[in-house]
Amino acid sequence: MVVPAPAPALPVPQPEFVREAAPDAPRRAFLWIGIALLLALAAGGGLVYLRTRPAGSPSAMDAAAQAATALRGQKAASLKVSFFDQTGVDVTGDLTVTAGGTAHGTLTDAGGGKADYLASGEDTAVRGDEAWWARRDAARVGALKGLWVRPEALAFPIEAAALEPDSLAGMIDWVRNDGASAPDVTSVAGQPVVGLRRDGWTFLFTRAAPHRLLWFGGATQERAPIAPLQPGNAFTYQSSDMAPPTPPYVSVLVNPPPGDAKATPFPGDTVAEDKTAVKRPKFDVVVNASTCRTATCTWSVTVTNKGNASGEASVIASVSPGMPQTEVRSLGIVQPGASATTATMSFPNPAPTNQDVSADYRAEVFSKELHGSNLKVMRRLQEDGIVVGRSELLSGLDPSQMPTALLALDGMRKAARFDPDKAVQAMENAVTYRALPEVGELVRSGRLENPEILYTKLPNLIFEYDTGAPGTPVHEKLGSRRQLQIAAGMLRQDPAARVALDGVEVLDGKKYRADVLVHAPGKPPSAIQAKSVSSDSVAANVRSALAELQKSAPPNSARVVWLHLEAPAGYPHAAGRDYFDAVFDDVGSDLCKKADEVVVVNQAGLQRWTKQQLPGCG
């Protein structure tokens with residue numbers, strides 16, 4: 001740095017008492033030495049830096065170093081860890097991880113489902129509720145819920161050892177080694193921060209001293225601070241251009257050190273998931289029929305109980321063509337290992353003289369121990385060509401989950417161009433991709449106004465793509481998971497509400513629609529336009545939602561912008577109201593004019609802005 005020579009000194013007026021005393025040479029020399037020293041320091045930048053840097057804005061590198069040192073002295077870390085996979089995994093762990101690598105806490109699925117969690121090395125145990133197990137082992141929900149279980153698959157896709165204090169300090173060393181400052185990030189979770197970035201990962205530290213790690217996140221892949229526990233995605237979604245492979249992401253909010261650092265001992269009464277037997281009947285069905293060449297055809301059905309519990313069995317029987325209406329033949333209680341055969345059934349031969357006609361003999365067992373009170377539903381399904389017993393996956397569902405499958409299939413029957421096989425595949429998809437709890441809340445409530453929409457929604461159970469992100473291809477904008485979760489959440493929030501997915505309302509002959517349309521007694525309908533945000537495109541998504549609401553929302557509705565922040569969005573996934581207030585302010589007056597409410601769901605939970613709280617509306 002070149003320092004310009006000082007300009008010639010100008011006469012400076014002096015106070016009266018100073019003028020009377022003539023300065024001596026030594027004092028003048030000292031003054032010039034001080035000026036020279038000042039200029040030398042300015043040339044080096046040190047003094048200028050110290051005096052011009054804003055108070056409370058430390059170097060990100062210095063804050064990181066202090067945070068790493070503090071972590072190495074901690075006995076435990078308290079973390080909120082969100083793991084997100086586009087193809088269906090969205091789980092958050094509120095965990096305490098000790099310096100020895102043990103972890104305990106609570107795991108929560110987006111859309112419902114919780115489990116207590118313990119982990120130490122390769123030992124893991126969970127105690128989950130019904131929704132938790134419905135997502136992971138839908139055949140054994142009743143046998144597993146409420147118990148401490150050693151799960152067969154990964155309970156949480158991040159090892160506890162990767163989150164212990166020393167490991168977190170090592171991650172900070174990694175980002176300090178070759179990272180760059182993140183000056184655009186000023187706060188997270190409502191706290192001022194300074195940050196560093198490296199290879200797509202961001203680490204944020206409290207601006208106030210003593211500095212500590214507050215948040216970090218990025219994609220879990222090879223050579224990343226947190227690598228995946230298994231190669232590729234946790235799930236491989238069905239082959240489709242709509243769902244290209246994407247790496248899973250984590251978003252980790254780091255709390256102040258917990259006071260209690262004791263490791264939680266494993267309970268002594270754990271059961272192994274894969275060795276936990278269910279106790280219920282299981283019926284094998286054999287149709288006794290042969291080629292019919294007489295005017296009247298006859299047949300019967302033999303049922304064998306291959307389960308480990310007795311059950312009341314009734315055969316739902318039909319033949320297409322021949323017996324379009326189902327008949328129900330009761331067999332009474334069938335013990336394990338026992339068989340029973342229906343009385344002979346008959347129907348007029350549908351084949352013209354000297355011609356052959358293929359007939360589909362349909363027979364399945366209804367048992368209240370397996371199907372509850374849904375006999376009428378099963379009869380309707382069979383008459384429309386859906387025999388649930390032919391699907392090994394669906395017929396093996398736990399009795400607590402069977403009503404969800406039957407009622408969802410019953411609702412799909414009204415869909416345009418309905419195909420029974422495609423409906424069964426759609427329901428199997430809901431089981432495979434962990435969506436049974438939200439589907440169950442929608443159909444079992446009886447308050448989903450258009451259940452036929454599940455015929456097109458369930459085959460596409462990835463999370464919605466970020467339509468506000470630049471370059472998102474049109475074919476990647478599909479996905480139904482968040483929409484299902486939002487609709488189910490509205491039913492939980494208001495027991496009197498009714499919802500419609502892709503809801504349509506006709507006023508004065510014109511059709512209006514919304515992602516979710518909510519009708520509640522005594523209130524105007526709510527038109528919810530939902531957006532999944534997995535980038536820094538929060539404002540773009542708000543503007544897009546506003547444009548869609550203005551174009552399509554019913555004019556008599558309350559217009560709601562609903563933003564779901566995903567872990568790939570980075571630090572906004574953990575942002576507080578201050579961050580979103582600034583975003584909404586940037587959007588401008590359109591937000592106040594075109595929306596009545598804004599809802600943000602992220603790691604902080606559900607944050608809501610009424611119209612009066614939006615910029616320019618108060």
Side-chain angles (χ1 to χ4, degrees), residues 139 278-399 402-403 405-406 409-410 413 418-425 427-428:
V278 295
K279 193 169 182 63
R280 61 174 178 260
K282 181 180 180 182
F283 296 106
D284 182 61
V285 175
V286 175
V287 171
N288 307 310
S290 59
T291 301
C292 175
R293 300 195 180 281
T294 58
T296 301
C297 303
T298 60
W299 66 302
S300 65
V301 177
T302 298
V303 172
T304 302
N305 185 353
K306 294 188 175 182
N308 54 13
S310 61
E312 186 175 341
S314 296
V315 173
I316 305 174
S318 63
V319 183
S320 180
M323 286 175 57
Q325 300 299 313
T326 56
E327 293 185 7
V328 178
R329 300 299 175 93
S330 175
L331 298 175
I333 301 294
V334 182
Q335 299 294 330
S339 297
T341 301
T342 65
T344 299
M345 295 172 282
S346 62
F347 59 94
N349 194 331
T353 305
N354 298 322
Q355 293 187 28
D356 292 335
V357 170
S358 296
D360 180 12
Y361 287 80
R362 301 169 182 169
E364 62 182 332
V365 172
F366 168 81
S367 174
K368 63 181 182 181
E369 288 84 3
L370 299 177
H371 307 103
S373 59
N374 294 292
L375 175 58
K376 291 182 179 179
V377 177
M378 290 183 70
R379 293 188 71 174
R380 283 198 301 267
L381 293 176
Q382 190 173 128
E383 288 169 2
D384 277 353
I386 300 175
V387 182
V388 177
R390 290 178 177 174
S391 167
E392 184 176 354
L393 180 62
L394 298 184
S395 60
L397 287 176
D398 188 85
M402 184 61 75
L406 296 175
L409 288 166
D410 192 43
R413 293 182 307 112
F418 177 76
D419 182 321
D421 291 336
K422 289 183 179 179
V424 170
Q425 290 170 7
M427 196 63 236
E428 290 177 336

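Note that this is a predicted model, so its numbers are computed, not measured.
Once rounded to the nearest 0.5 Å, the distance linking CG of Asn288 with CE of Met345 reads 9.0 Å. Between atom CG of residue Leu394 and atom CE of residue Met427 there is a gap of 6.5 Å, rounded to the nearest 0.5 Å. Taken from CE in Met378 to CE in Met402, the straight-line distance is 7.0 Å, to the nearest 0.5 Å. One distance of note links CZ of Arg380 with CD1 of Ile316; it measures 11.5 Å at 0.5 Å rounding. Note that the SG atom of Cys292 and the CG atom of Asn349 stand 4.0 Å from one another [nearest 0.5 Å]. Going from atom SG of Cys297 over to atom CE of Met323 covers 11.0 Å, rounded to the nearest 0.5 Å.
Glu369 places a side-chain N or O within donor-acceptor distance of the main-chain N or O of Glu312, the cut-off being under 3.5 Å. The main-chain N or O of Pro321 is never found under 3.5 Å from a side-chain atom of Asp360 such that the two would form a donor-acceptor pair. Within the 3.5 Å criterion, the main-chain N or O of Gln425 finds no donor-acceptor partner in the side chain of Asp421. When atom types are taken as modelled, the side chain of Lys279 and the backbone of Asn308 share a donor-acceptor pair closer than 3.5 angstrom. A distance-only check finds no donor-acceptor pair linking the side chain of Arg362 to the backbone of Ser320 [under 3.5 Å]. Remark: side-chain polar atoms of Asn305 are paired, donor with acceptor, to backbone N or O of Val334 under 3.5 angstrom.
Of all non-hydrogen atoms in Asp398 and Arg280, the two that sit nearest each other are OD1-NH1, 3.5 Å. Nearest heavy atom pair, residue Ala423 against residue Phe418, reads CB-CE1, 3.5 Å. When every heavy atom of Ser300 is checked against every heavy atom of Ala343, the shortest pair comes out as CB-O, 4.2 Å. When all heavy atoms are compared, the tightest approach of Pro281 to Gly311 is CG-CA, 4.0 Å. When all heavy atoms are compared, the tightest approach of Leu406 to Val377 is O-CG1, 3.6 Å. When every heavy atom of Asp384 is checked against every heavy atom of Pro420, the shortest pair comes out as O-CG, 3.4 Å.
Within the 4.5 Å cutoff, the side chain of Pro336 has heavy atoms near those of the Ser310 side chain. Annotation: side chain of Pro352 is in contact with side chain of Val357 (closest heavy-atom distance under 4.5 Å). With contacts defined as side-chain heavy-atom distances shorter than 4.5 Å, the pair Val424/Glu428 qualifies. Between Val315 and Phe283, the closest side-chain pair of non-hydrogen atoms is not below 4.5 Å.
Here Asp356 pairs with Arg293 in a salt bridge; the nearest charged N to carboxylate O distance falls below 4.0 Å.
Note on ring orientation: taking the six-membered ring where Trp is involved, the planes of Tyr361 and Trp299 are perpendicular (angle over 60°, cut-offs 30° and 60°).
In this structure, a donor-acceptor pair under 3.5 Å is absent between the side chains of Gln382 and Thr326.
With Val285 as reference, Val301 is the one residue of Val387, Thr302, Val301 to meet the side chain to side chain contact (heavy atoms under 4.5 Å, CB included) rule.
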